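Have a look at the structure below before the remarks.
On a predicted model such as this, the values are computed, not experimentally measured, just so you know. The sequence lines fix the lettering, A, B, ..., with proteins before strands; numbering per chain opens at 1.
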2 protein chains.
Amino acid sequence: MHVTGEALARERSGIEMTTPSLARDSLIDSPSLAELAAVKISELVFRGEIGPDDRVVEEHLCSRLGVSRAPVREGLRILEGSGLVVRRPRAGVRVASLSQNDVFEILTFREGLEQMAVTHLYRFTDDIADVDATELDAALVRLADEFENGDDEFGRIQASYAFHTELVRLCGNSRIVSSYRQITMQVKLCMSLNLRRLNTVETPSENVARHRDLRAAVLSGDVNRALDAISGHGHDTFAREFLDTLPGGTERSAQWLDARD
Amino acid sequence: MHVTGEALARERSGIEMTTPSLARDSLIDSPSLAELAAVKISELVFRGEIGPDDRVVEEHLCSRLGVSRAPVREGLRILEGSGLVVRRPRAGVRVASLSQNDVFEILTFREGLEQMAVTHLYRFTDDIADVDATELDAALVRLADEFENGDDEFGRIQASYAFHTELVRLCGNSRIVSSYRQITMQVKLCMSLNLRRLNTVETPSENVARHRDLRAAVLSGDVNRALDAISGHGHDTFAREFLDTLPGGTERSAQWLDARD
DNA sequence: TCACTGTCGATTGTCTACAATAGGCTATCA
DNA sequence: TGATAGCCTATTGTAGACAATCGACAGTGA
């Protein structure tokens, strides 16, 4: 290890990755600083410390994370791949901007991916009862715990997305899962604008119940019930008023908004 | 510009990007060496000069491309994002390996994305006749030209994928398009194993006709006809014998293979 | 007042150098 | 002969330095 790179490097020993899937294969592959930087930067975004369309200056991140520019740049490349940040050659990196149309794209794509996952699950599974839902149930338990006992808004969001990721993972197609994980980054970006509003929409126990219902529907054996549950699931999460505050609506996004009144 | 970095740098003036979409917004934003490196490396893979599971050594690429390691590393990060290469920390980068199950995942995901795009197109379009198919038709013309006049196998593949990308772009959701472009990289990787076999499966004019039919079905106004056309489209492209040569079949992939006999 | 042009600081792009690691090879021992 | 430990080399990870570029600002002219 080098003399510098302390801040992040110190964490390498006992990390809890925000993306738990990374370490799933090999027992010990501590990530490179670049990957750690990517996680840290994404957390800055999700926590709202850096907002949509904000300029991200590499050196600022360096001093903040305690590493040199090389890993920071690579970390930004990683985040670029999932669309969390956008780079314009020689003009730097910005957090992705979120117009109303962007949110529309993100949420509909996410819904589409979940439905695709369920479709594949049913298409390639003889008997739904054989599906191993261990991880999904574990995620549901963690989610319930987080919502009922914890009070960290950020932790709740993470638990919620962990559950949805496990849901998608049921389909067994790792490419679908990767793609879902990427778009999830962007969903979290949307949420970062909307953290406080979450609690006003529904109570914690309502939220847990909603996820429990989703699990039941997906594993019910009835594809259409599963698909409907997915398309219904997201509707309350984003209050209409929030979306209306965003600029950059298009004909399509307006139409989509109207449809859910 | 630096003294070194000649090889790639020289190209920056008159580039034809393999991914034409990149330069779509700003008139002149010449890509960085990292992005050029990513394109070049991916071409090495698609042309079969580097095959699945091959180790990719950064310095070898440096001497080959005439740049230093920094842009090469960033280029590899970009490719990593689309799953073309896989990195194990401190153990280097490899081209993604292709088991039978991988090909199964890739092709079903691709099919799913195309269907999702069409579903969205129909869901958010009042009258299909209003859809602007200019780019799609242009891609079809280029495809026909490539197949009827050209004889560069690589060029044909590119034209074919350009057409499919335009097809997906009709849905108007840039996130879906990005995701599709990523998985296309992996489809091309599959094709790189199979370049010669393509011509044995169908004649050039058959291929063009098949794409023309696909266009017609997608714009027919009948969603189900469009979806069926998509799921039927890929079937002949990969001959069963090829897939059987691959190791790493799973129950699912076998079932999937059997279904298309 | 407005448009244009040149300059300057901040920032990105790239290169080189060095430290740390992985994986193969040899020597040693049983 | 076979397994194991230890070195050695090739390669990756990271840092730091420099060149090129962008964007803001002030100055110039109309």
Side-chain angles (χ1 to χ4, degrees), chain A residues 1-13 25-41 50 53-80 85-95, chain B residues 1-13 15 26-41 50 53-80 85-95:
Chain A
M1 185 51 49
H2 288 170
V3 196
T4 40
E6 340 81 25
L8 273 183
R10 223 179 302 119
E11 300 202 25
R12 251 206 285 229
S13 13
D25 327 311
S26 170
L27 224 53
I28 40 165
D29 43 13
S30 81
S32 65
L33 289 188
E35 295 169 77
L36 285 179
V39 172
K40 286 294 175 189
I41 298 167
I50 320 176
D53 216 43
D54 281 355
R55 174 79 181 274
V56 176
V57 177
E58 296 171 2
E59 288 228 39
H60 299 178
L61 289 175
C62 292
S63 48
R64 187 148 190 180
L65 302 180
V67 295
S68 78
R69 278 181 58 216
V72 166
R73 282 179 63 87
E74 291 189 28
L76 287 172
R77 287 282 185 197
I78 294 174
L79 297 181
E80 209 187 335
V85 302
V86 174
R87 147 178 267 130
R88 246 184 52 217
R90 288 167 296 286
V93 171
R94 292 179 174 277
V95 176
Chain B
M1 182 51 47
H2 288 169
V3 197
T4 40
E6 339 83 25
L8 274 181
R10 224 178 301 121
E11 300 202 23
R12 254 207 283 230
S13 13
I15 337 134
S26 170
L27 223 53
I28 41 166
D29 44 11
S30 81
S32 65
L33 289 189
E35 295 168 76
L36 284 180
V39 172
K40 285 295 176 187
I41 297 167
I50 320 176
D53 216 41
D54 280 355
R55 175 79 181 274
V56 177
V57 177
E58 296 170 2
E59 288 227 38
H60 298 178
L61 289 175
C62 293
S63 48
R64 186 147 189 179
L65 302 180
V67 296
S68 79
R69 279 180 55 216
V72 166
R73 282 179 63 88
E74 290 190 28
L76 287 173
R77 288 280 184 199
I78 294 174
L79 298 181
E80 212 186 333
V85 302
V86 174
R87 147 177 267 131
R88 247 182 52 215
R90 287 168 299 285
V93 171
R94 292 179 173 278
V95 176

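- Side-chain nitrogen and oxygen atoms of B:Arg87 include at least one within less than 4.0 Å of the OP1 or OP2 phosphate oxygen of D:dG13.
- Between B:Arg90 atom CZ and C:dA22 atom P there is a gap of 6 Å when expressed in whole angstrom units.
- Rounded to an integer number of Å, the gap from CG of A:Leu76 to C1' of C:dG13 is 14 Å.
- For the pair B:Arg88 and C:dG23, the criterion of a side-chain N or O lying under 4.0 Å from OP1 or OP2 is met.
- Atoms CD (A:Glu74) and C1' (C:dT12) sit 15 Å apart, rounded to a whole Å.
- A:Asp53 pairs by the side-chain contact (heavy atoms from CB on, under 4.5 Å) definition with A:Arg94, A:Ser97, not counting sequence neighbours.
- Considering only side-chain atoms of B:Ser68, the nucleotide from C:dC15, D:dG13, D:dT21 that sits closest is C:dC15.
- Residues of residues 53-60 of chain B that place a heavy atom closer than 4.0 Å to DNA chain C do not occur.
- Using a 4.0 Å heavy-atom distance criterion, B:Ala70 is classed as a base contact.
- By the side-chain hydrogen bond (donor to acceptor under 3.5 Å, both in side chains) test, A:Arg88 pairs with no residue at all, sequence neighbours left out.
- Residue A:Arg73 has a polar side-chain atom (N or O) positioned under 4.0 Å from OP1 or OP2 of C:dG13.
- Contacts of A:Ala38 classified as side-chain contact (heavy atoms from CB on, under 4.5 Å), with partners at least two apart in sequence or in another chain: A:Ile78, A:Leu79.
- The closest side-chain heavy-atom distance from A:Val93 to A:Val86 is not below 4.5 Å.
- Among residues two or more places apart in sequence or in another chain, the side-chain contact (heavy atoms from CB on, under 4.5 Å) test is passed with B:Val57 by B:Arg55, B:His60.
- Considering only residues two or more places apart in sequence or on other chains, A:Arg87 meets the salt bridge (charged side-chain N to carboxylate O under 4.0 Å, His left out) condition with A:Glu58, A:Glu80.
- In this entry the distance linking CZ of A:Arg69 with P of C:dT12 reads 7 Å, nearest Å.
- Atom CG in B:Leu33 sits about 13 Å away from atom P in D:dA20, given to the nearest Å.
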